[in-house]
Participant: 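Got a structure for you, written out below as structure tokens; questions coming shortly.
Bear in mind that the values here come from a model prediction, so they are computed numbers and not experimental data. As the structure lists them, so they are numbered: ligands from 1, and atoms in each ligand from 1. Numbering of residues begins at 1 and proceeds along the displayed sequence.
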Amino acid sequence: MSSDKILVVHADGVTTLTLNRPEVLNAFDGEMMHGLQHLLREAGKDPAVRAVVITGSGRAFCAGQDLGLGGDPNAKFELKADFLRKGYNVLVAQIRELKKPVIAAVNGVAAGAGANLAFACDLVLAADTASFVQAFVKIGLIPDCGGTFLLPRLVGMQRAAGLAMLGDKLDAETAKQWGLVWDVVPSTVLAEKAHALAARMAKQPTKAIALMKQAFNASVTNDVRAQLEMEAVLQEQAGETDDFHEGVQAFLQKRPPVFRGR
Ligand code: LHQ
């Protein structure tokens, strides 16, 4: 499946997916949603892909759901639970469960589901011009795309409530101070820095990263004993990888390791 609504570039073990509907600030329509789901599935299957970057074209990262409804200002949006079940819920689960790191390179405003899509990624690298808006309250909705799950865990209940209930824009630097963003870089170098970060992660032991994601996901609901048991089981799996053997050999031979993601 190919669509000009998402641009795809592969380089250095990294697949970069660029949301490409700049005229509506990269808001999601059905085609872009299903395109992104498809491309994430493909990235998951391809052993040559060891990191994924999601970014936006033009001045925005993503303005969430396309509210345009074909240009009719009087149209009524019929919103059923299945809309989320088949759309954003699938997307968030795919990102959280992808056995490879996913980096959001937030190049501009990220609003509604667009903001929470970024927060679902493993690392968020933001341009200094980026901002984040839980826009849902402005149209009478609750945060979705994992927002009610992720926000309290990332920033605590007070800040989650303030962001969700007021819907104000949060600038990139404040988002970093609050722990929503890994780093902020000048907008002119965002793409380059995001690629360098992803290329570095693509050279890490990919299976160990997949197991870390599994453990982090489970840590949200596990108690400490369950989590310790999970670490024991997953560490055994990490210990069975070629990359573990390579890491120890490289250490003993006093050379940098060459991880192959196996
Ligand atoms: C847009 C959009 C947009 C269409 C900007 N759609 N055109 C799940 C369940 C089902 C239904 C609902 O949604 C969800 C999940 C969600 O994501 S709900 C939240 C949906 N998103 C929003 O409510 C955000 C709406 N957008 C905005 O608040 C502003 O556009 C932001 C704050 C993102 C940016 O503001 P500005 O920088 O001032 O840009 P702008 O408002 O002038 O937008 C530029 C153009 O993009 C404009 O079109 P035009 O033809 O006038 O140039 C907007 O209409 C269009 N656009 N967001 N979501």
Participant: Verify the neighbour count for atom CD of Glu23: are there more than 12 heavy atoms of other residues, nucleotides or ligands below 6.0 Å?
Facilitator: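 Yes - once you tally the heavy atoms of other residues, nucleotides and ligands closer than 6.0 Å, there are more than 12.
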
Participant: Verify whether one side chain among Gln134 and Asn116 offers a donor that lies under 3.5 Å from an acceptor in the other.
Facilitator: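 Checked: Gln134/Asn116 side chains pair up, N/O donor to acceptor below 3.5 Å.
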
Participant: Among Lys207, Arg255, Arg262, Arg260, which one satisfies salt bridge (charged side-chain N to carboxylate O under 4.0 Å, His left out) with Glu246?
Facilitator: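 That would be Arg255; it is the only one of Lys207, Arg255, Arg262, Arg260 passing the salt bridge (charged side-chain N to carboxylate O under 4.0 Å, His left out) with Glu246.
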
Participant: Restricting to non-hydrogen atoms, name the atom on Pro47 and the atom on Lys45 that form the minimum distance, rounded to 0.1 Å.
Facilitator: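 So the two residues come closest at CD-O, 3.2 Å.
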
Participant: With a 4.0 Å cut-off on N to O distance, would you call Arg21 and Asp66 a salt bridge?
Facilitator: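 Result for this pair is yes, salt bridge flagged.
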
Participant: Please tabulate, line by line, the atom pairs linking an N/O of ligand 1 to a protein N/O at a distance below 3.5 Å, with the distance in Å to 0.1, or answer 'none'.
Facilitator:
unit_1	atom_1	unit_2	atom_2	d
ligand 1	6 (N)	Leu67	N	2.9
ligand 1	17 (O)	Gln65	N	2.9
ligand 1	17 (O)	Ala113	N	2.9
ligand 1	21 (N)	Ala63	O	2.9
ligand 1	37 (O)	Arg59	NH1	2.9
ligand 1	37 (O)	Arg59	NH2	3.4
ligand 1	39 (O)	Arg59	NH2	3.0
ligand 1	58 (N)	Ala63	O	3.1
ligand 1	58 (N)	Gln65	O	2.8

Participant: Find the distance between CD (Gln94) and CZ (Arg41) and round it off to the nearest 0.5 Å.
Facilitator: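 Atom-to-atom, Gln94:CD and Arg41:CZ are 5.5 Å apart.
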
